Amino acid sequence: ARYMLENRVMHDAMALEFTGDPEVDLVRGMIAHHQGAIAMCAVARETAGTANGLDGADPVSALDQSVVDMCTTVETNKAAEIAAMTSWLQGQSLSVTTSCEGSDSQDIRMGVVMGCGNTTSMSSQLYIAENMATRHGMAVEYTCDPQVDLMRARIPHHLGAIWACKIARASVTGNMSYLEGSIHLMPDGTVMAGGMHEMADGTWMANQHGTHEMSNGTMMSDGEMTSPPPPAGTLDPYIATLCDGIEAAETAEVDSMTS
(Lines give C-alpha, C1' and ligand atoms only; values in the text may rest on other atoms or scores of the structure.)
Protein backbone atom coordinates (compact mmCIF):
# COMPACT_ATOMS: atom_id res chain seq x y z
CA ALA A 1 0.00 0.00 0.00
CA ARG A 2 2.88 2.40 0.72
CA TYR A 3 4.33 1.90 -2.75
CA MET A 4 0.92 2.47 -4.32
CA LEU A 5 0.49 5.70 -2.36
CA GLU A 6 3.93 7.03 -3.28
CA ASN A 7 3.41 6.10 -6.93
CA ARG A 8 0.14 8.01 -6.98
CA VAL A 9 1.78 11.05 -5.37
CA MET A 10 4.53 10.96 -8.00
CA HIS A 11 2.20 10.55 -10.97
CA ASP A 12 -0.15 13.25 -9.71
CA ALA A 13 2.82 15.63 -9.48
CA MET A 14 3.83 14.68 -13.03
CA ALA A 15 0.40 15.79 -14.30
CA LEU A 16 1.82 19.19 -15.16
CA GLU A 17 0.35 22.37 -16.43
CA PHE A 18 2.23 21.89 -19.69
CA THR A 19 3.86 24.89 -21.31
CA GLY A 20 4.67 23.28 -24.65
CA ASP A 21 8.35 24.02 -23.96
CA PRO A 22 9.91 20.53 -24.00
CA GLU A 23 12.78 21.51 -21.71
CA VAL A 24 10.72 23.25 -19.04
CA ASP A 25 8.15 20.45 -19.02
CA LEU A 26 10.89 17.82 -18.86
CA VAL A 27 12.52 19.41 -15.83
CA ARG A 28 9.28 19.91 -13.92
CA GLY A 29 8.23 16.34 -14.60
CA MET A 30 11.67 14.96 -13.77
CA ILE A 31 11.71 16.66 -10.37
CA ALA A 32 8.53 14.78 -9.45
CA HIS A 33 9.94 11.61 -11.01
CA HIS A 34 13.15 11.84 -8.94
CA GLN A 35 11.17 12.56 -5.77
CA GLY A 36 9.24 9.37 -6.47
CA ALA A 37 12.47 7.38 -6.75
CA ILE A 38 13.65 8.67 -3.37
CA ALA A 39 10.26 7.93 -1.79
CA MET A 40 10.28 4.35 -3.11
CA CYS A 41 13.65 3.70 -1.51
CA ALA A 42 12.36 5.16 1.76
CA VAL A 43 9.46 2.69 1.70
CA ALA A 44 11.85 -0.20 1.05
CA ARG A 45 14.14 0.81 3.92
CA GLU A 46 11.27 1.29 6.36
CA THR A 47 9.42 -1.95 5.60
CA ALA A 48 12.15 -4.49 4.80
CA GLY A 49 12.97 -6.77 7.73
CA THR A 50 9.60 -6.06 9.36
CA ALA A 51 6.18 -7.73 9.26
CA ASN A 52 5.38 -5.12 6.59
CA GLY A 53 2.15 -4.07 8.24
CA LEU A 54 0.69 -7.60 8.32
CA ASP A 55 -0.54 -8.53 11.80
CA GLY A 56 1.03 -11.74 13.05
CA ALA A 57 3.18 -12.21 9.96
CA ASP A 58 6.82 -13.20 10.05
CA PRO A 59 9.30 -10.47 9.14
CA VAL A 60 10.06 -10.19 5.45
CA SER A 61 13.63 -10.31 4.23
CA ALA A 62 16.03 -7.49 4.95
CA LEU A 63 17.36 -5.56 1.98
CA ASP A 64 20.32 -7.04 0.16
CA GLN A 65 23.42 -4.91 0.48
CA SER A 66 23.31 -4.26 -3.27
CA VAL A 67 19.83 -2.76 -2.88
CA VAL A 68 20.95 -0.69 0.09
CA ASP A 69 23.86 0.62 -1.96
CA MET A 70 21.60 1.33 -4.93
CA CYS A 71 19.18 3.31 -2.79
CA THR A 72 22.01 5.26 -1.19
CA THR A 73 23.21 6.23 -4.66
CA VAL A 74 19.67 7.09 -5.75
CA GLU A 75 19.03 9.25 -2.70
CA THR A 76 22.31 11.14 -3.08
CA ASN A 77 22.31 11.61 -6.84
CA LYS A 78 18.61 12.32 -7.27
CA ALA A 79 18.63 14.89 -4.47
CA ALA A 80 21.54 16.67 -6.15
CA GLU A 81 19.76 16.60 -9.52
CA ILE A 82 16.54 17.91 -7.95
CA ALA A 83 18.49 20.83 -6.46
CA ALA A 84 20.12 21.56 -9.83
CA MET A 85 16.82 21.33 -11.73
CA THR A 86 15.15 23.59 -9.19
CA SER A 87 17.94 26.12 -9.60
CA TRP A 88 17.63 25.94 -13.42
CA LEU A 89 13.91 26.73 -13.26
CA GLN A 90 14.34 29.49 -10.72
CA GLY A 91 17.10 30.98 -12.84
CA GLN A 92 14.48 31.50 -15.55
CA SER A 93 11.96 32.93 -13.06
CA LEU A 94 9.81 29.83 -13.44
CA SER A 95 7.89 28.07 -10.70
CA VAL A 96 9.13 24.64 -9.74
CA THR A 97 5.71 23.01 -9.46
CA THR A 98 2.38 23.46 -11.21
CA SER A 99 -1.14 22.22 -10.54
CA CYS A 100 -4.05 21.22 -12.73
CA GLU A 101 -6.55 21.37 -9.88
CA GLY A 102 -9.59 23.29 -11.05
CA SER A 103 -8.18 23.77 -14.56
CA ASP A 104 -10.67 23.78 -17.43
CA SER A 105 -7.99 22.36 -19.75
CA GLN A 106 -7.44 19.04 -17.99
CA ASP A 107 -6.38 16.15 -20.23
CA ILE A 108 -8.15 13.13 -18.73
CA ARG A 109 -7.19 9.62 -19.80
CA MET A 110 -9.02 6.58 -18.43
CA GLY A 111 -10.44 8.73 -15.64
CA VAL A 112 -7.05 10.16 -14.60
CA VAL A 113 -5.90 13.76 -15.02
CA MET A 114 -2.64 13.53 -16.98
CA GLY A 115 -1.99 17.23 -17.36
CA CYS A 116 -3.47 20.55 -18.41
CA GLY A 117 -2.39 23.75 -20.14
CA ASN A 118 -0.76 23.34 -23.55
CA THR A 119 -1.41 19.65 -24.11
CA THR A 120 -1.50 19.83 -27.91
CA SER A 121 2.21 20.30 -28.65
CA MET A 122 4.15 17.26 -29.82
CA SER A 123 6.23 17.13 -26.65
CA SER A 124 3.21 17.45 -24.36
CA GLN A 125 1.37 14.66 -26.15
CA LEU A 126 4.43 12.43 -25.94
CA TYR A 127 5.10 13.19 -22.27
CA ILE A 128 1.49 12.35 -21.45
CA ALA A 129 1.66 9.11 -23.45
CA GLU A 130 4.92 8.11 -21.76
CA ASN A 131 3.59 8.99 -18.31
CA MET A 132 0.57 6.79 -19.00
CA ALA A 133 2.88 3.94 -20.03
CA THR A 134 4.99 4.42 -16.89
CA ARG A 135 1.88 4.52 -14.70
CA HIS A 136 0.68 1.25 -16.21
CA GLY A 137 4.12 -0.36 -16.01
CA MET A 138 4.46 0.48 -12.32
CA ALA A 139 1.13 -1.17 -11.52
CA VAL A 140 2.96 -4.36 -10.59
CA GLU A 141 1.58 -7.49 -8.96
CA TYR A 142 2.79 -6.85 -5.43
CA THR A 143 4.41 -9.67 -3.48
CA CYS A 144 4.64 -7.83 -0.12
CA ASP A 145 8.41 -8.32 -0.33
CA PRO A 146 9.60 -4.68 -0.34
CA GLN A 147 12.80 -5.55 -2.15
CA VAL A 148 11.17 -7.48 -5.00
CA ASP A 149 8.40 -4.92 -5.41
CA LEU A 150 10.90 -2.07 -5.43
CA MET A 151 12.90 -3.64 -8.24
CA ARG A 152 9.89 -4.51 -10.37
CA ALA A 153 8.45 -1.01 -10.10
CA ARG A 154 11.77 0.75 -10.62
CA ILE A 155 12.36 -0.82 -14.04
CA PRO A 156 9.40 0.92 -15.76
CA HIS A 157 10.10 3.99 -13.61
CA HIS A 158 13.64 4.21 -14.99
CA LEU A 159 12.55 3.51 -18.55
CA GLY A 160 10.10 6.39 -18.24
CA ALA A 161 12.94 8.77 -17.35
CA ILE A 162 15.00 7.57 -20.31
CA TRP A 163 12.11 8.08 -22.70
CA ALA A 164 11.29 11.51 -21.28
CA CYS A 165 14.80 12.58 -22.24
CA LYS A 166 14.39 11.07 -25.71
CA ILE A 167 11.17 13.06 -26.11
CA ALA A 168 12.91 16.27 -25.06
CA ARG A 169 15.79 15.68 -27.47
CA ALA A 170 13.48 14.92 -30.41
CA SER A 171 11.10 17.78 -29.69
CA VAL A 172 13.84 20.40 -29.41
CA THR A 173 16.18 19.26 -32.18
CA GLY A 174 13.58 17.97 -34.65
CA ASN A 175 15.59 14.76 -34.92
CA MET A 176 12.90 12.10 -34.73
CA SER A 177 15.44 9.26 -34.71
CA TYR A 178 15.70 9.78 -30.94
CA LEU A 179 12.25 8.19 -30.73
CA GLU A 180 13.42 5.07 -32.54
CA GLY A 181 10.48 4.95 -34.92
CA SER A 182 8.08 4.41 -32.05
CA ILE A 183 5.68 7.24 -32.88
CA HIS A 184 3.78 8.72 -35.78
CA LEU A 185 3.12 12.42 -36.28
CA MET A 186 -0.34 12.54 -37.78
CA PRO A 187 -1.23 15.03 -40.54
CA ASP A 188 -3.54 16.83 -38.09
CA GLY A 189 -0.66 17.33 -35.64
CA THR A 190 -1.66 14.64 -33.17
CA VAL A 191 0.87 12.05 -32.04
CA MET A 192 0.55 8.29 -31.74
CA ALA A 193 2.91 6.09 -29.76
CA GLY A 194 3.29 2.33 -29.36
CA GLY A 195 1.42 -0.55 -30.95
CA MET A 196 -2.03 0.56 -29.78
CA HIS A 197 -2.68 4.26 -30.02
CA GLU A 198 -5.19 6.41 -28.20
CA MET A 199 -6.15 9.24 -30.50
CA ALA A 200 -6.87 12.80 -29.42
CA ASP A 201 -10.62 12.18 -29.76
CA GLY A 202 -10.44 9.16 -27.43
CA THR A 203 -10.66 6.52 -30.15
CA TRP A 204 -8.05 3.77 -30.58
CA MET A 205 -6.18 2.35 -33.52
CA ALA A 206 -3.99 -0.74 -33.84
CA ASN A 207 -0.72 -1.34 -35.66
CA GLN A 208 -1.01 -4.27 -38.04
CA HIS A 209 2.23 -4.93 -39.92
CA GLY A 210 2.86 -1.31 -40.80
CA THR A 211 -0.78 -0.36 -41.36
CA HIS A 212 -3.21 0.89 -38.79
CA GLU A 213 -6.90 0.24 -38.40
CA MET A 214 -8.72 3.46 -37.66
CA SER A 215 -11.84 3.68 -35.53
CA ASN A 216 -14.02 3.90 -38.66
CA GLY A 217 -12.59 0.64 -40.04
CA THR A 218 -10.37 2.20 -42.71
CA MET A 219 -6.65 1.45 -42.88
CA MET A 220 -3.73 3.85 -43.08
CA SER A 221 -0.13 3.00 -43.80
CA ASP A 222 2.84 4.33 -41.86
CA GLY A 223 3.68 6.51 -44.87
CA GLU A 224 0.26 8.16 -44.79
CA MET A 225 0.59 9.04 -41.13
CA THR A 226 3.28 11.65 -41.36
CA SER A 227 3.69 15.34 -40.84
CA PRO A 228 6.84 17.46 -40.77
CA PRO A 229 8.96 17.19 -37.61
CA PRO A 230 9.30 20.25 -35.39
CA PRO A 231 11.83 22.89 -36.48
CA ALA A 232 15.41 22.06 -35.62
CA GLY A 233 16.68 23.70 -32.45
CA THR A 234 19.52 23.28 -29.98
CA LEU A 235 19.09 21.60 -26.63
CA ASP A 236 20.02 23.75 -23.65
CA PRO A 237 23.51 22.59 -22.52
CA TYR A 238 22.24 21.95 -19.00
CA ILE A 239 19.38 19.78 -20.31
CA ALA A 240 21.78 17.87 -22.55
CA THR A 241 24.09 17.17 -19.61
CA LEU A 242 21.16 16.28 -17.34
CA CYS A 243 19.81 13.80 -19.87
CA ASP A 244 23.23 12.31 -20.55
CA GLY A 245 23.50 11.52 -16.85
CA ILE A 246 19.94 10.25 -16.51
CA GLU A 247 20.16 7.98 -19.55
CA ALA A 248 23.49 6.49 -18.45
CA ALA A 249 22.51 5.96 -14.81
CA GLU A 250 19.00 4.63 -15.44
CA THR A 251 20.17 2.29 -18.20
CA ALA A 252 22.88 0.86 -15.95
CA GLU A 253 20.41 0.34 -13.11
CA VAL A 254 17.82 -1.32 -15.37
CA ASP A 255 20.52 -3.69 -16.62
CA SER A 256 21.55 -4.43 -13.02
CA MET A 257 17.99 -5.00 -11.79
CA THR A 258 17.07 -7.33 -14.65
CA SER A 259 20.26 -9.42 -14.44
Side-chain angles (χ1 to χ4, degrees), residues 2-3 5-46 63 66-101 115-117 123-124 126-128 130-131 134-135 138 150-151 153-169 171-173 233-254 256-257:
R2 288 279 305 281
Y3 280 134
L5 174 61
E6 294 298 348
N7 289 347
R8 179 171 180 176
V9 169
M10 179 189 73
H11 288 297
D12 285 350
M14 292 173 68
L16 308 176
E17 181 180 1
F18 287 96
T19 65
D21 182 321
E23 295 175 326
V24 172
D25 294 338
L26 171 77
V27 171
R28 283 177 170 159
M30 198 62 73
I31 288 174
H33 190 272
H34 279 17
Q35 289 169 336
I38 294 171
M40 289 166 66
C41 277
V43 172
R45 289 187 189 276
E46 292 166 13
L63 295 180
S66 62
V67 178
V68 173
D69 293 343
M70 180 191 73
C71 278
T72 299
T73 299
V74 165
E75 291 155 350
T76 300
N77 293 351
K78 298 304 187 230
E81 287 183 350
I82 288 170
M85 289 187 285
T86 298
S87 178
W88 184 82
L89 288 168
Q90 292 174 338
Q92 301 182 67
S93 300
L94 295 169
S95 62
V96 176
T97 60
T98 63
S99 173
C100 289
E101 185 175 356
C116 60
S123 60
S124 298
L126 289 172
Y127 285 137
I128 289 172
E130 185 53 44
N131 290 347
T134 302
R135 181 185 287 265
M138 293 180 68
L150 174 69
M151 294 299 192
R154 282 182 66 78
I155 292 172
H157 177 273
H158 282 20
L159 293 175
I162 293 168
W163 272 97
C165 278
K166 290 178 183 290
I167 290 166
R169 293 185 191 276
S171 299
V172 172
T173 67
T234 303
L235 206 63
D236 182 290
Y238 168 69
I239 301 298
T241 300
L242 173 70
C243 279
D244 286 345
I246 287 172
E247 290 161 344
E250 309 295 69
T251 299
E253 284 193 13
V254 169
S256 176
M257 288 186 289

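All figures in this text were calculated on a predicted structure; none of them were measured in a lab.
- Contact annotation: the side chain of Thr134 never approaches that of Leu159 to less than 4.5 Å [non-hydrogen atoms, C-beta and beyond].
- Two residues are said to be in side-chain contact when any heavy atoms from C-beta on lie closer than 4.5 Å; Thr19 and Arg28 meet this criterion.
- For the residue pair Cys100 and Leu16, the shortest heavy atom distance occurs at SG-O, 3.2 Å.
- Atom-to-atom distance recorded for Glu17:CD and Ser95:OG is 8.0 Å, nearest 0.5 angstrom.
- Under the side chain to side chain contact (heavy atoms under 4.5 Å, CB included) criterion, Asp12 pairs with Arg8, Arg135, not counting sequence neighbours.
- From Leu89, atom CG reaches atom CD of Glu23 across 11.0 Å, with rounding to the nearest 0.5 Å.
- Between Ile82 and Ile38, some side-chain heavy-atom pair lies under the 4.5 Å cut-off.
- Using a 4.0 Å cut-off between a side-chain N of Lys or Arg and a carboxylate O of Asp or Glu, Lys166 and Glu130 do not qualify as a salt bridge.
- Within 6.0 Å of atom CD in Gln92, more than 12 heavy atoms from other residues, nucleotides or ligands are found, so the atom counts as buried in its surroundings.
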query: Where do Cys243 and Leu26 land on the side chain to side chain contact (heavy atoms under 4.5 Å, CB included) test, with the steps shown first?
result: CA-CA 10 Å; Cys243 279; Leu26 171 77; 3.7 Å; yes
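- Under the 3.5 Å distance criterion, the side-chain polar atoms of Glu81 are left unmatched by any main-chain donor or acceptor of His34.
- Looking at residues two or more places apart in sequence or on another chain, you find a salt bridge (charged side-chain N to carboxylate O under 4.0 Å, His left out) between Asp244 and Arg169.
- Taking each heavy atom of Cys165 and Glu247 in turn, the nearest pair found is CB-OE2, 3.3 Å.
- Side chains of Val27 and Ile31 form a contact here, defined as non-hydrogen atoms less than 4.5 Å apart.
- With Ser87 contributing its side chain and Ala83 its backbone, the two residues share no donor-acceptor pair below 3.5 Å.
- A distance-only check finds a donor-acceptor pair linking the side chain of His157 to the backbone of His33 [under 3.5 Å].
- Using a 4.5 Å heavy-atom cutoff, the side chains of Gln35 and Val9 are not in contact.
- Two residues are said to be in side-chain contact when any heavy atoms from C-beta on lie closer than 4.5 Å; Val96 and Trp88 fail this criterion.
- Minimum heavy-atom separation, Gly36 to Met10: CA-SD, 3.8 Å.
- Between Met85 and Tyr238 there is a side-chain heavy-atom pair separated by less than 4.5 Å.
- Separation of atoms OG1 (Thr73) and CE (Met70) is listed at 9.0 Å; rounding is to 0.5 Å.
- Checked for salt-bridge contact, Lys78 and Glu250 meet the test: a charged N lies under 4.0 Å from a carboxylate O.
- The heavy-atom pair separating Tyr127 from Pro22 by the smallest distance is OH-O, 2.8 Å.
- Two residues are said to be in side-chain contact when any heavy atoms from C-beta on lie closer than 4.5 Å; Leu150 and Met257 fail this criterion.
- For the residue pair Met40 and Tyr3, the shortest heavy atom distance occurs at O-CE2, 3.5 Å.
- Closest approach of Val67 to Met151, counting heavy atoms only: CG2-CE, 3.3 Å.
- Between the CD1 atom in Ile246 and the CD1 atom in Ile239 there is a gap of 8.5 Å [rounded to 0.5 Å].
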